[in-house]
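Keep in mind that the numbers below use all heavy atoms, side chains included, and drop hydrogens, waters and symmetry copies.
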Amino acid sequence: MKIIAVALALALALSLATAAGAIPVANPGFETGNFSGWTTFRPGVTPPATNIAVTNIAPHSGSFSARFGDFDNGSGIEQSLATIAGQTYTVSFWWSLDAGVAIPTDAFAAIKFGGTTLYSQAGDPNNGSGFTWTQFIGSATATGPTTTLSFFFENLPGYWHLDDVAVSLVPEPAAWTLMIAGFGMVGALARQRRDPVTA
């Protein structure tokens with residue numbers, strides 16, 4: 001009977017951990033070698049994207065990463081994700097910027113999650129020296145059952161690089177409490193099974 005109770009408690013804790021975990025992002029590290037799962041765009045210009053590519057040159061992890069160097073109107077990628085209205089999500093990714101951005105108009109980046117702008121910057125935040133692979137973490141609240149995650153870049157002298165995109169649901173405080181209680185129950189039941197009380 002105790003084995004069944006332990007199994008049920010473990011299932012509860014794992015289900016809560018999964019509910020509070022990552023949501024699927026198609027091709028998050030561009031390991032397909034292309035933009036499969038993403039839609040490329042270039043505002044007001046045809047073709048939809050130019051001078052952006054998936055490359056195997058020094059990715060953050062795995063074999064590939066994306067790079068963006070379009071200097072005419074900029075280019076971007078986007079993907080619609082399944083979300084829950086009113087829930088908060090954490091968006092994280094790794095990115096880098098080539099050195100050489102001399103003036104604000106040389107580069108621009110904008111990252112959006114639905115109607116929320118997670119990042120918007122003209123020029124190089126490091127005054128022309130660029131930066132190596134750095135993790136970005138932001139959060140936003142979904143307003144509907146689907147939310148579009150978009151990355152938009154412009155860079156005249158070099159490239160922006162992007163890799164390892166992840167989105168996860170931020171659990172409600174009550175969910176954290178239940179999850180901790182579930183793991184606690186697993187531990188307590190396991191101890192009882194390991195150290196039975198003897199008369």
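Relative orientation of the Y89 and F113 rings is tilted, given thresholds of 30° and 60° on the angle between their planes. Classified by interplanar angle (parallel below 30°, tilted 30° to 60°, perpendicular above 60°), the ring pair F153/F68 is tilted. Note on ring orientation: taking the six-membered ring where Trp is involved, the planes of F152 and F41 are parallel (angle under 30°, cut-offs 30° and 60°).
A heavy-atom distance below 4.5 Å is found between the side chains of I77 and F30. The closest side-chain heavy-atom distance from T116 to T141 is not below 4.5 Å. Between W95 and F151, every side-chain heavy-atom pair lies at or beyond the 4.5 Å cut-off.
Checked by atom type, the side-chain pair T132/S96 shows no donor-acceptor distance below 3.5 Å.
Within the model, atoms CZ of F108 and CG of N155 stand 12.5 Å from one another, a figure rounded to the nearest 0.5 Å. H161 NE2 to F131 CZ: the interatomic distance, rounded to the nearest 0.5 Å, is 9.5 Å.
For E31 (side chain) and G62 (main-chain N/O), no donor-acceptor pair under 3.5 Å exists by modelled atom type. Proximity of a side-chain donor or acceptor of N27 to a complementary backbone N or O of S36 within less than 3.5 Å is detected. W133 contributes a side-chain N or O that, together with a main-chain N or O of A58, makes up a donor-acceptor pair within less than 3.5 Å. Although no hydrogens or angles enter the test, the distance criterion places no donor-acceptor pair under 3.5 Å between the side chain of N56 and the main chain of S63.
Pairing each heavy atom of G37 with each of A26, the nearest pair is CA-CB, 3.9 Å. Across all non-hydrogen atoms, the minimal contact from S80 to T148 is OG-OG1, 3.4 Å. T55 and R67 get closest at one heavy-atom pair: CG2-CD, 4.1 Å. Contact record, I52 with G69: CG2-N, 4.5 Å, taken as the closest heavy-atom pair. Across I84 and A142, no two heavy atoms sit closer than the pair O-CB, 3.5 Å. Across every non-hydrogen atom of T88 and S139, the tightest pair is CG2-CB, 4.2 Å.
With P59 as the partner, the side-chain contact (heavy atoms from CB on, under 4.5 Å) test is satisfied by one option alone out of L162, V54, D163: D163.
Note: the hydrophobic cluster containing W94 does not contain L97 (ILVMFWY, side chain heavy atoms under 4.5 Å, direct or indirect links).
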